[in-house]
Q: 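This is the structure I want to talk about, given as C-alpha cells.
Numbering of residues begins at 1 and proceeds along the displayed sequence.
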Amino acid sequence: VEPFPLEITAAASSSVGVTEITLVPDTSAYTDAAYGDGRFLACDVLGNLSESEDGLSWSAITPTGDSIVGAKSIAYGAGRYVIVTVGGKILSSSDGVSFTQHVNEPTRTFYKVLWTGTRFVATYAGNDSNPANLGSLYISDDGINWVRIVSESNIPLYDVAFDGSTGLLAVGDYEEVGGSDSNVFTYSSDGGSTWLHVRRPLGDSLIRGVGHNGTNLWVIVGSHGSQGVSWTSVDGQNFSNRTYHPSVSTLTDVHWTGTT
C-alpha cells in the first residue's frame with residue numbers, strides 16, 4: 001500500500017504566509033504528524049521519525065523497540081504517541097522513541113488514528129471473509145489496550161474525524177447493495193462507545209477524507225472519475241452540496257483551521 005505523500009508546511013505569520021519545511025531525514029515518504037508533549041513528531045512509511053519543537057526546525061529520531069516500518073498515521077493522547085501501520089500493527093510509546101506493539105493483524109491495513117480527548121480511534125481495511133472478523137475500527141482509552149469494533153461490512157474505512165464533543169464519523173469505500181453502489185459510513189454519537197453503520201448512494205465516488213468545523217458541519221472529500229469531489233453534512237449521516245473540483249484528480253484529506 002503506497003502512502004499518501006505528506007507535505008509539511010507552517011504558517012509563520014499572516015504576512016509571511018506558508019513556508020515549506022524539510023524534514024530530517026528527507027525521505028519523501030512521510031505519512032502523518034502529531035503534536036504532543038511539547039513537540040511535533042512525524043512518521044514515514046520506512047520507519048523513520050522526525051521531531052520539532054517549533055514546526056520549523058526538524059531533527060531525526062532513531063526509533064527503538066518494535067518496528068514502526070509501514071507507519072501510516074500517528075496521534076498523541078493519554079501521555080502516549082500511537083502509530084498505526086499498513087502492515088496491520090498498532091504501537092505506542094510514552095517517549096516517542098521506544099515503541100511497543102499492541103495489535104498485530106497482518107491481513108489488515110490501518111489508515112488513520114486519532115485522539116478525541118478521551119479515546120483513540122483507528123480505522124483499517126480488513127481482508128477476512130469470516131463474519132466474526134468483520135469490522136473497520138479499533139478503539140482504546142489508553143493506547144495500550146485495544147478493542148476491535150465488529151460491524152456488518154468489511155469495506156475499508158480510510159479516515160475518521162471528531163466533532164469536538166461526542167460525534168465521530170469514519171468514511172470509506174463503496175459497495176454494491178441491491179444492485180446499486182452505496183458509500184459506507186460509520187457514525188458514533190457517544191464518543192466511540194457505539195457505532196451506527198450507514199450506507200448512502202454518492203454516485204460511485206471514492207471517499208478518502210473527512211473533517212469537522214467544531215460546531216455544525218462535516219465535510220467529506222474524495223474522487224469521482226478523474227476529478228476531486230466534496231460533500232457537506234450537518235448530522236454525519238446525510239450528505240448534500242456535492243461540489244466537483246476538476247483541477248485535482250482526488251482529495252485525500254480535509255482539516256478545519258479555525259476559520260476555513
Q: Take a 6.0 Å sphere around CD of Q227 and say whether it holds more than 12 heavy atoms from other residues, nucleotides or ligands.
A: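 Check passes, neighbour count above 12.
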
Q: Residues two or more places apart in sequence or in another chain: which of them pass side chain to side chain contact (heavy atoms under 4.5 Å, CB included) with L46?
A: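 By the side chain to side chain contact (heavy atoms under 4.5 Å, CB included) rule, L46 matches T27, A29, D44, N48.
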
Q: About how many Å separate CH2 of W58 and CG of L23, when rounded to the nearest 0.5 Å?
A: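 So the gap between those two atoms works out to 5.0 Å.
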
Q: Could you check whether any side-chain N or O of S205 sits under 3.5 Å from a backbone N or O of H224, counting only pairs where one atom can act as donor and the other as acceptor?
A: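 Checked: no pair found.
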
Q: State the CD1-NE2 distance between I83 and H102, to the nearest 0.5 angstrom.
A: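 Reported to 0.5 Å precision, the distance equals 11.0 Å.
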
Q: Ignoring hydrogens and geometry, is there a side-chain-to-backbone donor-acceptor pair from S93 to S98 under 3.5 Å?
A: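 Here the side-chain-to-backbone pair exists.
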
Q: Taking S52 for its side chain and D54 for its backbone only, find out whether a donor-acceptor pair lies under 3.5 Å.
A: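 Such a contact is found between S52 side chain and D54 backbone.
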
Q: Can you spot which of Y111, Y138, Y158 makes a ring pair (Phe, Tyr, Trp, His ring centres under 6.0 Å) with Y124?
A: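 Among Y111, Y138, Y158, the one meeting ring pair (Phe, Tyr, Trp, His ring centres under 6.0 Å) with Y124 is Y138.
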
Q: Students often mix this up, so state it plainly: with edges at 30° and 60°, are the rings of W218 and Y187 parallel, tilted or perpendicular?
A: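 Aromatic pair W218/Y187 classed perpendicular.
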
Q: Do I74 and L41 come close enough that some side-chain heavy atom pair is under 4.5 Å?
A: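 Answer yes - side chains close enough.
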
Q: If hydrophobic clusters are built by linking Ile, Leu, Val, Met, Phe, Trp and Tyr wherever their side-chain heavy atoms come under 4.5 Å apart, do L114 and L157 end up in the same one?
A: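 Both belong to a single hydrophobic cluster.
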
Q: I'd like to check the salt bridge (Lys or Arg N to Asp or Glu O under 4.0 Å) partners of R200; sequence neighbours left out, ordered by chain and number.
A: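 Salt bridge (Lys or Arg N to Asp or Glu O under 4.0 Å) check on R200 returns nothing, list empty.
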
Q: If you take all heavy atoms of L251 and R208, which pair is closest and at what distance?
A: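 Heavy-atom minimum between the residues: O-CB, 3.6 Å.
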
Q: Give the minimum heavy-atom separation between F120 and A78, together with the two atoms involved.
A: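 Heavy atoms of F120 and A78 come nearest at CE1-CB, 4.4 Å.
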
Q: Treating T166 as the side-chain partner and S189 as the backbone partner, does any N or O pair qualify as donor plus acceptor under 3.5 Å?
A: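 Between the backbone of S189 and the side chain of T166 there is a qualifying donor-acceptor contact (under 3.5 Å).
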
Q: Would a 4.5 Å heavy-atom cut-off, applied to side chains only, mark F185 and I220 as touching?
A: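 A side-chain contact under 4.5 Å exists here.
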
Q: Whether the side chain of S140 engages the backbone of N145 through a donor-acceptor N/O pair (distance < 3.5 Å, no angle test) should be reported.
A: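 Confirmed, S140 side chain pairs with N145 backbone.
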
Q: Does a side-chain heavy-atom distance below 4.5 Å link H255 with T257?
A: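 A side-chain contact is absent here, since even the closest heavy-atom pair is not under 4.5 Å.
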
Q: Using modelled atom types only, decide if a donor and an acceptor are shared between the side chain of D159 and the backbone of V210 within a distance under 3.5 Å.
A: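 The answer is yes, because a donor-acceptor pair under 3.5 Å joins these two groups.
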
Q: Is there a donor-acceptor pair under 3.5 Å between the side chain of S73 and the backbone N or O of D32?
A: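 Looks like no, no N/O pair under 3.5 Å.
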
